2 protein chains.
Amino acid sequence: MSATGVRRPARADARRNYDLLLGKAHDVFTEHGTDASLEEIARRSGLGIGTLYRHFPTRDALVEALLRDRFEAMRQAAERVRDEPPYEALAQWLRKFIAGAATYQGLPASVVAIMRQPGSELYASCHGMRDAGLELIAHAQQAHVIRDDLKPTDVLALVGAIAWVGQQTPEDAGQPDRLLALVLDALTAPMKARPTA
Amino acid sequence: MSATGVRRPARADARRNYDLLLGKAHDVFTEHGTDASLEEIARRSGLGIGTLYRHFPTRDALVEALLRDRFEAMRQAAERVRDEPPYEALAQWLRKFIAGAATYQGLPASVVAIMRQPGSELYASCHGMRDAGLELIAHAQQAHVIRDDLKPTDVLALVGAIAWVGQQTPEDAGQPDRLLALVLDALTAPMKARPTA
DNA sequence: ACCTGAACACCGTTCAAGT
DNA sequence: ACCTGAACACCGTTCAAGT
């Protein structure tokens with residue numbers, strides 16, 4: 001399953017560079033988002049740009065290496081709460097999902113893109129988290145604690161959208177929680193408005 | 001009020017270039033989103049890049065010139081439905097809002113940014129639309145057809161988020177309507193989930 | 001194995017020189 | 001009043017040359 005993307009090198013000097021690049025990438029992504037300059041990451045690491053590309057052939061590979069563990073933790077968290085009350089389990093998990101997707105500016109777009117890009121590196125580790133989330137939603141539907149006329153992928157898309165819009169207005173730190181609460185209400189409410197043409 | 005940004009030039013040759021640039025900008029933005037290359041717009045117009053900058057000093061000024069009329073129409077549409085049944089009026093208007101915000105790839109980010117950027121050019125004309133939308137929401141709250149414990153700006157943010165996520169998965173054209181229906185349900189549902197820490 | 005940086009192609013933005 | 005494009009600074013990505 002996770003024959004995933006980039007591997008930490010064996011040779012000591014290369015491993016030092018790998019770790020250095022990852023650390024600086026985290027700093028730069030934190031400051032400027034996932035679209036930040038790769039050359040700046042290499043520059044701050046005191047390494048040639050070619051070295052960055054050797055270790056991380058794509059931008060996504062770099063992002064994936066940074067988030068791999070976090071995504072895996074989210075996947076496990078979803079499995080762990082499977083026997084708990086499904087509604088609160090789901091609510092808590094979605095809250096963490098939003099926080100995780102908002103780790104870097106621009107990350108929600110990548111996370112949402114998982115829905116259709118099962119191929120690339122980032123998405124191998126991210127997909128595990130996604131599937132676990134979808135199962136959590138389906139589980140709550142089977143337990144009839146949320147309405148069952150919704151696609152689980154729609155729910156995840158909407159929550160990802162909340163993560164995105166929360167990043168657009170960083171001065172209002174409470175917005176994502178308020179919007180999630182609203183959506184959670186919708187999940188328990190009966191269907192009134194029909195999508196008309 | 002709308003001493004807004006860019007003006008159509010008086011001189012015939014300049015006006016020709018202005019219109020030409022706008023037309024090609026529409027094409028290029030349609031193909032590549034609002035982050036498309038400005039040089040390509042100038043190139044396709046057969047004009048120097050300096051001419052583009054002379055007419056449209058910023059990227060936003062170009063986007064604004066393209067969307068000005070549409071935004072104004074949205075504002076007027078909100079005023080027009082003020083005496084109609086508030087819930088359906090709101091629902092219809094939000095549907096159009098999503099469609100408008102999704103005109104170009106990347107536009108929802110600009111539209112959502114209005115919330116905090118009352119200054120720039122794009123936002124002068126966009127702000128009228130926003131305020132009209134906020135009033136429509138407040139109006140429905142006063143009529144007690146939607147719950148009144150929500151900030152109108154939160155509602156607009158969430159609907160903007162739907163426009164965004166809809167663009168991320170263009171192969172599912174029905175998603176925005178489904179998500180909006182879900183949110184509309186939430187607007188009429190009582191508050192259950194509280195944002196906990 | 002790994003590192004380097006020059007090379008290439010591209011872009012945003014400004015501004016001196018032209019009409 | 002308007003147009004032009006060279007100039008500058010920056011970036012992503014590749015790859016021949018080095019260790």
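These numbers come from a predicted model, not from an experiment. A note on names: the letters A, B, ... follow the listed sequences, proteins ahead of strands, and every chain is numbered from 1.
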> Separation of B:Leu47 atom CG from D:dA6 atom C1', in whole Å?
Replying inline: 17 Å
> Looking at the side chain of A:Arg11, which of C:dC2, D:dA1, D:dT4 is the nearest nucleotide?
Replying inline: C:dC2
> Between C:dC2, C:dT13, D:dT13, which nucleotide has the shortest distance from any of its atoms to the side chain of A:Leu38?
Replying inline: D:dT13
> Are A:Arg43 and D:dC11 close enough that a side-chain N or O sits under 4.0 Å from OP1 or OP2?
Replying inline: yes
> Taking any strand in view, what nucleotide pairs with D:dT14 in a Watson-Crick or G-U wobble way, both distances under 3.5 Å?
Replying inline: C:dA6
>> The side chain of B:Asn17 is closest to which nucleotide in this list: D:dC3, C:dT14, C:dA6?
In response: D:dC3
> Just checking B:Ile49: base, sugar-phosphate only, or nothing, at a heavy-atom cut-off of under 4.0 Å?
Replying inline: base
> Taking atom P of D:dA1 as reference, at what distance in whole Å does atom OH of B:Tyr18 sit?
Replying inline: 18 Å
>> I'd like to know if B:Arg178 pairs up with B:Asp172 as an ion pair, taking the criterion as any Lys NZ or Arg NE/NH1/NH2 lying under 4.0 Å from an Asp or Glu carboxylate oxygen.
In response: yes
> Should B:His26 and B:Tyr104 be marked as a ring-ring contact (aromatic ring centres under 6.0 Å, His included) after you check the CA-CA gap, both sets of side-chain angles, and the distance that decides it?
Replying inline: CA-CA 9 Å; B:His26 172 78; B:Tyr104 303 120; 5.6 Å; yes
> Between B:Asp60 (CG) and C:dG12 (C1'), how many Å, whole number?
Replying inline: 14 Å
>> Without decimals, in angstroms, what is the distance between A:Leu52 CG and C:dG5 C1'?
In response: 14 Å
>> Rounding to an integer number of Å, can you tell me how far A:Arg16 CZ sits from C:dA1 C1'?
In response: 16 Å
>> Judged by each residue's nearest nucleotide on DNA chain C, which is more toward the 5′ side, A:Thr51 or A:Glu39?
In response: A:Thr51
> Nearest nucleotide by nearest heavy atom, which residue falls closer to the 5' end of DNA chain D, A:Gly50 or A:Asp35?
Replying inline: A:Asp35
> Separation of B:Arg7 atom CZ from D:dA1 atom P, in whole Å?
Replying inline: 14 Å
> If you check the B:Pro9 side chain, which of C:dG12, D:dT13, D:dC2 turns out closest?
Replying inline: D:dC2
>> Looking at B:Glu40 and B:Arg44, is there a salt bridge between them, counting it only when a charged N and a carboxylate O are closer than 4.0 Å?
In response: yes
>> Which nucleotide wins on minimum distance to the side chain of B:Arg54, given the candidates D:dG12, D:dC3, C:dG12?
In response: D:dC3
> Counting only heavy atoms not in A:Arg15, do more than 12 fall under 6.0 Å of its CZ?
Replying inline: yes
> In terms of heavy-atom contacts, does CZ of A:Arg8 have more than 12 from other residues, nucleotides or ligands at under 6.0 Å?
Replying inline: yes
> What is the pairing partner of C:dA1, taking Watson-Crick or G-U wobble pairs with both distances under 3.5 Å in any strand?
Replying inline: D:dT19
>> Is the phosphate of C:dC3 approached by A:His55 (side-chain N or O, under 4.0 Å from OP1 or OP2)?
In response: yes
> Given that B:Ala36 and A:Gly46 both sit by DNA chain C, which one's nearest nucleotide is further toward the 5' end?
Replying inline: A:Gly46
>> If you only use heavy atoms from C-beta on, which nucleotide in D:dG12, C:dC3, D:dC3 is closest to the side chain of B:Ala14?
In response: D:dC3
> Among C:dC11, D:dA1, D:dT13, which nucleotide sits nearest the side chain of B:Ser37?
Replying inline: C:dC11
> Do B:Gln105 side-chain atoms and B:His32 backbone N/O form a donor-acceptor pair below 3.5 Å?
Replying inline: no
> Of the nucleotides C:dG12, C:dA6, D:dC2, which one has an atom closest to the side chain of B:Tyr53?
Replying inline: C:dG12
> In terms of side-chain heavy atoms of B:Asp13, which of D:dA6, D:dC2, D:dT13 is nearest?
Replying inline: D:dC2
